[in-house]
Structure formats: C-alpha cells, structure tokens
Amino acid sequence: MVPESVSAAASLPDPFVPQIYRVGRLRRELHDTVTLELAPSAGRRPAFRPGQFNMLYVFGVGEIAVSLSGDSTDETHFVHTVRDVGAVSKAITELGTGATIGLRGPFGVGWPVEAAEGSDVVLVAGGLGLAPLRPAIYHILANRVRYGRVVILFGSRNPHDMLYRHELEEWRQHLDISIEVTVDHAEADWHGNVGVVPALIPRATFDRHNTIALVCGPEVMMRYSASALAEAGVPPERIYLSMERNMKCAIGLCGHCQFGPTFICKDGPVMQFARIAKIFAIREV
Amino acid sequence: MQHRPDGGTKAVISREALQQLIEALSAENCRVLGPTVRDGAIVYDEIAQVGNLPAGWTDRQEAGRYHLERREDDALFGFAVGPQSWKQFLHPPVETLWTARQGDDGISIATDRSETPIFAFIGVRACELHAIAIQDRVFLDGPYRDVTYGMRRQDAFIVAVNCGNAAATCFCASMGTGPKVDAGFDLALTELIDATRHEFVVEVGSEAGGDLLDRLPHRPAANADLLAAEAVIARTQSAMGRRLETDGLKELLQANLNHPRWDEVAARCLACGNCTSVCPTCFCTTVEDHSDLMGSSAERIRKWDSCFTLDFSYLHGGSVRTTASSRYRQWMTHKLASWIDQFGTSGCVGCGRCITWCPVGIDITAEAAAIRATPQSRKGEPHGGT
C-alpha cells in the first residue's frame, strides 16, 4: 500500500540533476582564488537570497557546495568565489570563459537581511568567509537607509592575500560604514591591525541592544567571534553564523551535513547562534 | 467474506494458494522478492515458487552471532529477520543518478529511468513496514523529494507477515513497531502451522490486495482462525528477547553528549559500519563521479555511505568526527534522538540487526540503558578525547 505523498513525488523534477551553466567573466582574486560569473544556458537565472549556496559540478571531476558571492539583484548570472582547496575546487578555478558547468541550486537558508532592517548590522568575516557575506553587504548598501550603523570586521591571513581588497577600499569611502581590517601576519610595511578578527569586536561601535551580527569564516574563528559578540552584549538569537559541513546532496537526503538535529544544507547554512550554541560547544558533533 | 471493524477483509488460504499468489504477481511483471536461504543466512532474493522460501528453517541470533537451524515443522516464515532489509531494493546500495556527455557545445546531462522495476515483496515484517514508512518520510516528505525512490516505492506490492518467532535480538514490542503488522501493506499473512494444518490467515490492506485475494482460492476466516492468528502474535510478543526503554530517551541522549560511555563503547567499536549497512532505516549516501577513458562521458553514482567512516565528515583540512566515540555517538543519537527532531519519529524499529551483525556484539539497547543508568550533568566538561 502506498501513501499519497509517494505517488505525488514521482512526477516532480529530479533535484539531483544539474542544470547547465556557462562560465562568463572570470576574475582572479588571489593566487588560489577565482570569481566566476555563471549564466544559465537556457532560461532565467533563479532568484537567490544572500547567504544561499549552489552545488557546482565539473564534468567528470565532481560536485561541491559553493556560496553565492554576487549581487542578488543582478538577474543575468550567478557569481561564485572559489578557492582551490580540493580536486573539484581546483578544477573550477581552472575553468575558462565559455566552459560549461553543472549547477544545482540555490539552496539553504540565507542571512536575515530583512529581519535586520532597523538594526545596526555587524558583519564579521574571516578570509574566504567574506565571499558568502558579500551579497548581504551589497543588499545592505543598496538599501542603506533601512539599517542603523553598518560595521564590517574582516580578518585576513596577510595583507597580500586579502579577498576583495579593491572593493573593501571602495566600501571604505562610504562615510556611513565602518570597516576594520586585521591580518594574522604582516611585514613592516603594513600599518594596520595585526591579530585575530574577534579582537576587533570589543572596539567596534554598535548598539548592543539593537544589533544583528552576521559571522562567516573558519569554525574556530566563528566560535571566538560568537563569544566576543555575546560578551559585547549581543543576544545569541541575534547572532548568525554560516556553518560548513561535508555536503553531497544539498537537499537533506544524504545525511552528511548533520549538525545535531539540523541539516546544514536545508536548516542552514546560516544558523541562529542561539539555536546551535549548546552543540557548538561540544567537540566533533 | 467476513468484515471486521478493526481491520480489512480476512480470509484463509493454503500453501498452494501462496504459490498462485507468487505466480499472479509474476504475471503482472512484478519482480517477486522474498526470503530464501543462501550462504547460511536468510536473504531476500527472487522468488519463483513457494519452494524457494526457507521452509523448515529458523534463525538463532545473539549479539554478534547468527546461524540457521532446522525447525521441527515446515513453516515458511518461521524465523525473524536476516542481514538484509527491503531497503536494498527501494534505496539501492548503488544507483546511477545521471550521465553527462561532453559535446562540441559543452556538457549535457541526462537520466535513464527506463529500468525502474515493479517490486512485489513477500514476507515483510512489522518492523520492516515501519522502516519503509520511516524512509518514506526521509525521502518523500521533505522540501525535496527523492524521485527515483518515489518511482520504486509507488508501485511496490507488499505482502506482510506477522512474526511467529522473535529472535533474542528483537525489541520491536518496546519500539511500538511490532510484532503485529498494522498498516502499510497490501496483504498480510499469519502462518498457522501444526500437526493438522498449514494455512495462512490473510488480511487485506488495500484495494490491490483485495483484488489479488479475489483471484486466489480462499475461504472466509472463521473465528477460530482469527483466534489462532492472534495467539501466534501474542506468543511472539512475549518471546521478545530485548527491550529498549524509549521514555525520555531523546532528551536523555541529547543531554549526555559528553557521557564517558561514548569512549567506552568506542574502545570496542571497530567503526566498520556493519550496523549502518544492515539497518533498515539508515539512509546516508555519498556520490562518486566516473568518466570514461576518452573523457567524453561521465556518470554520477550514488552509494550507501556510513557515518562510521572518517571520510563521512571530511571538510578541507580534515574530518569533523575524528574519534570513533564521536562517530558512534553520531549514529546512535541520530537514530534514537535527533531523528525525532528531523522526521517526527525514532529512526529505530527494534529489528535487532545492528546487534546481531556487529562483529563485536555492541548492543544498542545496552548502550542506551548504560547511559540511562548513569546520566551525567547537562553541563558536562567538553570531551576530553582521552
């Protein structure tokens, strides 16, 4: 005997099958990091929300989850910033303009950019973690009047490997945005901050009673950033982290991205810190 | 035929009619699958005739042990469950998701659904019906649906069997998943065998089941037949070898993620993944991408995966769950606790396979009981990793 949901499912499109996209403009950000524009070979680019991700498939190599790093209002293509850290990401960074790629998405829960309206927004990024935050930054800048203070705190390994350096310099021209940058290591010609990004949090100016914090970076950096934000008086339900786990399907069916009771792919990747704080404190969940 | 308010039509059929049932399903182009003896175990395989069923065999199971024994009668379903479940057919261990081709104008991707079989399962136990219902929730009730699972599932014809035997590793009674089948079948059999007869009480669970029964020689079930069938189930219920206390178990486990028992069980656990392979609800998969030597075509394969492998949680830079204790904890807390958060049901049906097929005999009921016996403070120190 077959429940109704069973017969209903068989006629739906298969969420495992990628759509074909073509690589447009390419930009080498860093020696190991490339930003690509991907346009659908047929039809319109689906809408996405800042903080969501796509699954990118390179022919014969494999598929990985990559956050969207472009402007959600630009409807012609998706933008992804990819760092070469494995077989598939390496293959993506080696694609040329005109190459075809398989794409599934967008997937997941994004940044609470609407819920943050009326609040100060503190964006804390570590390294490549600035990429998933960039669509939120574009959204906030395009709707600047709806937000209170906007603070971007960015930590990079060194001044030379600084992602979106040109854009950071551009954003810094805005008189109503505060941007602080820190690096882990620097030569004598760097006169900026040296140290980890959570250390910038106590020095930043924001209304702790009315702030939403968006955090993205390596897990250890997010751990310390969430603690620093909480210590600065931001309630845990107003701190959001973009979590990362192994993902194969992106649609809650393969089990890989489980984090306690949540599936990072469909309940995240952006998670309210209050929701995960308890298991975030436990090793190897 | 007799109708009872608490169930479908009930009739009695003979062993010969069971043969006709198999033939009728085969004639409808079903791939008829049922229990059969192979390699010293009862496995699920193609069934062409009643003679393929494990007549006169039963299984003896204990933690880490399984063997077959002759019965004193010729019962066809006189055993509990073997190493396999119906999962291998509805959610196959290896499946090609799609094929990609590299052409002059780039890549194209296509699926091939032409080979989707129509399954008829003979001898599905109550715990297994619950396992199928759980996988239905996993694959079909979420925001995204597993299309090929749905295709295999929607046409499957299910002949259930009320268990006449409980293994020492069985605990379906405490999970509320058996031994009596309650829903999710087309026909349900209860085997009645003694010195004077060998018959089956049949309960109709669907229109398709009723149509098929109409084409088989049968007689209405008499009250004595129904009482005999109920006695079979009651006997099995009372012979249940193990139990799992489920009251508050989810909260207990989720509050004890740093319990020292995880390290104790990890000292015995081989992290082999046998428990996840034999579990009828474990659904995790990974994918592999292959290409031909010419580089002109590639395919994406989906395969069963296990949370016991180091690779399962791999992210660039290393695995999240490096210790066996974190991997056993992930498996058991998922099965018995977070599964409830995710799918509104426990992931355990009490079939006992993970206990029997664990090479070192780790017993999920004993592990849960050990944590229940010595709960730690909610604010336990972070894992020492010693």
Side-chain angles (χ1 to χ4, degrees), chain A residues 1-3 5-22 41 57-63 83 85-86 88-89 98-102 107 218-219 244-246 248-263 266-267 278-279 281-285, chain B residues 97-98 100 102 106-109 111 136 138-148 150-151 153-154 156 158 183-186 205-206 208-209 254 257-258 283-287 289-291 295 298 300 302 305 307 312-316 320-323 326 330 334 338 341-342 382-383 385:
Chain A
M1 201 177 68
V2 172
S5 63
V6 176
S7 38
S11 58
L12 291 172
D14 190 335
F16 281 109
V17 178
Q19 303 299 308
I20 307 301
Y21 279 65
R22 203 170 282 279
S41 66
Y57 167 74
V58 179
F59 180 83
V61 183
E63 189 184 53
R83 178 190 283 166
V85 292
V88 183
S89 58
T100 49
I101 191 168
F107 295 118
E219 196 160 311
E244 187 178 16
R245 282 292 181 272
N246 184 312
K248 300 296 185 197
C249 77
I251 51 179
L253 301 179
C254 80
H256 278 259
C257 70
Q258 288 179 81
F259 182 55
T262 63
F263 289 92
K266 60 176 186 180
D267 303 316
K278 207 179 114 200
I279 49 172
I282 294 168
R283 279 181 52 182
E284 300 199 326
V285 170
Chain B
L97 291 176
W98 42 258
Q102 181 80 263
I107 63 174
S108 58
I109 293 175
T111 55
D136 285 351
V138 171
F139 290 126
L140 303 174
D141 285 358
Y144 296 94
R145 289 167 173 185
D146 191 315
V147 174
T148 56
M151 289 170 70
R153 177 73 179 91
Q154 69 170 353
I158 294 180
F185 56 88
D186 294 288
S206 74
Q254 289 178 334
L257 297 179
N258 287 324
F283 60 87
C284 290
T285 52
T286 187
V287 284
D289 293 278
H290 301 286
S291 58
R300 171 153 268 231
R302 173 164 73 164
D305 202 0
C307 53
F312 188 87
S313 64
Y314 183 82
L315 280 177
H316 57 90
V320 173
R321 298 184 200 108
T322 57
T323 61
S326 71
Q330 167 61 25
H334 183 218
S338 48
D341 294 308
Q342 295 166 352
H383 217 255

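Note that this is a predicted model, so its numbers are computed, not measured. Letters go in sequence order (proteins before strands), and every chain restarts at 1.
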Rounded to the nearest 0.5 Å, what's the gap from SG on A/Cys257 to CG on B/Leu315? Could you check? 10.5 Å

Atom pair CG (A/Asp14) and OG1 (B/Thr148), whose distance is rounded to the nearest 0.5 Å: 6.5 Å

Quick one: what part of A/Glu219 sits under 4.5 Å from any heavy atom of chain B, side chain, backbone, both or neither? neither

All heavy atoms of B/Asp289 vs all of A/Val61, minimum pair found to be CB-O, 3.9 Å

Among B/Cys284, B/Ser291, B/Gly106, which residue has the highest count of heavy-atom pairs closer than 4.5 Å to chain A? B/Cys284

Assess the residue pair A/Leu253 and B/Phe139 against the criterion (side chain to side chain contact (heavy atoms under 4.5 Å, CB included)); give the C-alpha distance rounded to whole Å, side-chain angles, the decisive distance to 0.1 Å, and a yes or no. CA-CA 6 Å; A/Leu253 301 179; B/Phe139 290 126; 4.1 Å; yes

Looking at OG1 of A/Thr100 and CD of B/Gln102, how far apart are the two atoms once the value is rounded to the nearest 0.5 Å? 5.5 Å

Out of curiosity, B/Leu257 CG to A/Glu284 CD, how far, rounded to the nearest 0.5 Å? 12.5 Å

Considering only heavy atoms and a distance below 4.5 Å, find which of A/Lys266, A/His256, A/Lys248 pairs most often with chain B. A/His256

At a heavy-atom separation under 4.5 Å, does A/Glu63 approach chain B through its side chain, its backbone, both, or neither? both

Parallel, tilted or perpendicular, judged at 30° and 60°: which one describes the rings of B/Phe283 and A/Phe263? tilted

Side chains of B/Ser338 and A/Gln258: do they bring a donor and an acceptor to under 3.5 Å? no

